[in-house]
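Remember, it's 1-based here, ligands and their atoms both numbered in the order they're listed. Residue numbers run from 1 in the order of the sequence given.
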Amino acid sequence: MASDHRSLYRAHRPQTFADVVGQRHITETLSHAVAADRAHHAYLFTGPRGTGKTSTARILAKALNCADGPTATPCGVCQPCADIAQGAHVDVVEIDAASHGGVDDVRDLRDRVALAPAQARTKVYIVDECHMLSTAGWNAFLRTVEEPPGHVLFVFATTEPHKVLDTITSRTQRFDFRRVNTATLAAHVDEIAAVESLTLDPVARDLVVRAGDGSVRDTLSVLDQVRAFVGDDIGGEAVAEVLGTVGADELAELAEGIAAGDVAGLCALVGRLADAGVDLRQLAGDAVEHLRRLLLLRAAPDTDLLELGADTTAQLRRQASGMATAELLRATELLAEAQAAMRRGNIRLPLEIALIKAAQPESAGDPGALAARVERLERGEADAGRRVAGDTA
Ligand SMILES: [Zn+2]
């Protein structure tokens, strides 16, 4: 099933509850509810973009309306299933509240909402980005949500649940979709790569997954983008170039520069990457993630929280061994602050200041700096001792 014209996300959009990636806590509950004929009349799906909210809502609509159903495993080929998958079923209404409040004709909608379905067993309203519904838009649904007629089901989906009216929240069953963890996303990328005859080396896959940031849709968009540039044989360097991400070597250089207190080297590195067209905000983000990984490895050496390959973990462990926990903690905090400051305005300065403070604890007066200096002094003496003992000084 090569997908020359459709995006990978659309081509591989989940069609059954079992296909939904990384949200088993939700899909299993919904499966059981459908199988027991106990689906709620209104759901609130919350969570980051691209984590499967709308796909799951469509699958729920199929489960309720499949010719073989209601069933937790809709067939996918009957007329109702096919129409719903195409977004063309007359009784499965998708409303995107992000565009003009979502509702063109509120009165018409209000009149239609409670009506019996034309063809389906259960009429399903899927309201995307529902926090952007206008007040009039909400009012069109409210009455029916409060007094459900039995043949209508609502799925309100949102990335910002705190903006949803209490009257809606209190009458819906809420499911929180999560960012998908790295290992699950990596496995998903592998599956799709196999189907699409793509080859990715482990570094490439790690970069793609990292750029996707827990979103299945974003991860596959990144993969689309990379494939468009480099073809079906995808290496780590090419991915770094396409994404403007910083390579593993540069991140190691940055960590080593901080550990060595090499301000000149760090500023030169920033200059070099800026000249190469790297987005410095991206650099700050990558540096924060890199230092966070070192910090975790340093603070909890046996951790498998990172979900990385053995080679990558071994490299990171080597870098982490050169820095003390207090230093790493402080550097991570400084870079994260810089990242926030870079969003607000000046781009290069906050990054450089953070790197200088991280590399030279003596230049700053905070308690973290003191701890970092002490650890560095102790390490320096230990190093000096080793050098004398090894007669390599
Ligand atoms: Zn069906």
Side-chain angles (χ1 to χ4, degrees), residues 1-45 47 50-96 109 112-128 130 141 144-145 148-157 172-173 175 177 180 184 188 191-192 194-196 216-217 220:
M1 185 176 56
S3 53
D4 293 334
H5 303 294
R6 282 186 302 171
S7 69
L8 288 172
Y9 178 71
R10 287 170 65 93
H12 296 273
R13 191 162 193 156
Q15 298 299 336
T16 66
F17 285 127
D19 287 345
V20 178
V21 177
Q23 313 293 347
R24 276 187 60 185
H25 60 296
I26 294 168
T27 50
E28 297 218 329
T29 308
L30 287 173
S31 298
H32 292 146
V34 172
D37 197 19
R38 294 176 57 176
H40 205 266
H41 75 281
Y43 291 95
L44 180 62
F45 287 179
T51 50
K53 298 186 294 297
T54 311
S55 295
T56 302
R58 283 191 188 173
I59 294 164
L60 178 61
K62 287 199 291 190
L64 294 168
N65 288 310
C66 176
D68 297 338
T71 168
T73 51
C75 73
V77 294
C78 69
Q79 198 63 47
C81 279
D83 287 348
I84 293 168
Q86 300 285 322
H89 196 295
V90 62
D91 290 315
V92 177
V93 183
E94 290 192 33
I95 294 170
D96 178 12
L109 178 68
R112 278 185 294 124
V113 160
L115 293 181
Q119 298 167 5
R121 222 171 275 125
T122 305
K123 188 151 77 166
V124 180
Y125 283 92
I126 301 169
V127 186
D128 261 328
C130 70
F141 294 112
T144 316
V145 173
H151 50 69
V152 180
L153 182 144
F154 296 94
V155 179
F156 297 104
T172 51
Q173 185 172 6
F175 286 114
F177 287 66
V180 180
T184 305
H188 187 55
E191 268 174 40
I192 285 178
V195 174
E196 296 279 339
V216 177
R217 184 166 62 217
L220 296 186

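In this structure, the side chains of His188 and Val216 come closer than 4.5 Å at one or more pairs of heavy atoms. Counting heavy atoms from C-beta outward, Leu60 and Val155 have side chains that approach closer than 4.5 Å.
Near-neighbour remark for the Zn ion (ligand 1): protein N, O or S atoms under 2.8 Å are Cys66 SG, Cys75 SG, Cys78 SG, Cys81 SG; waters not counted.
Ring geometry, Phe141 versus Phe156: the interplanar angle exceeds 60°, so the pair is classed perpendicular (tilted spans 30 to 60°). Ring pair Phe45/Phe177 is tilted by interplanar angle, where 30° to 60° counts as tilted.
Between His12 and Glu196, the side chains place a donor N or O and an acceptor N or O closer than 3.5 Å (distance only, hydrogens not considered).
For the pairing with Arg58, the side chain to side chain donor-acceptor pair (under 3.5 Å) check across His89, Glu94, Gln15 returns one residue only, Glu94.
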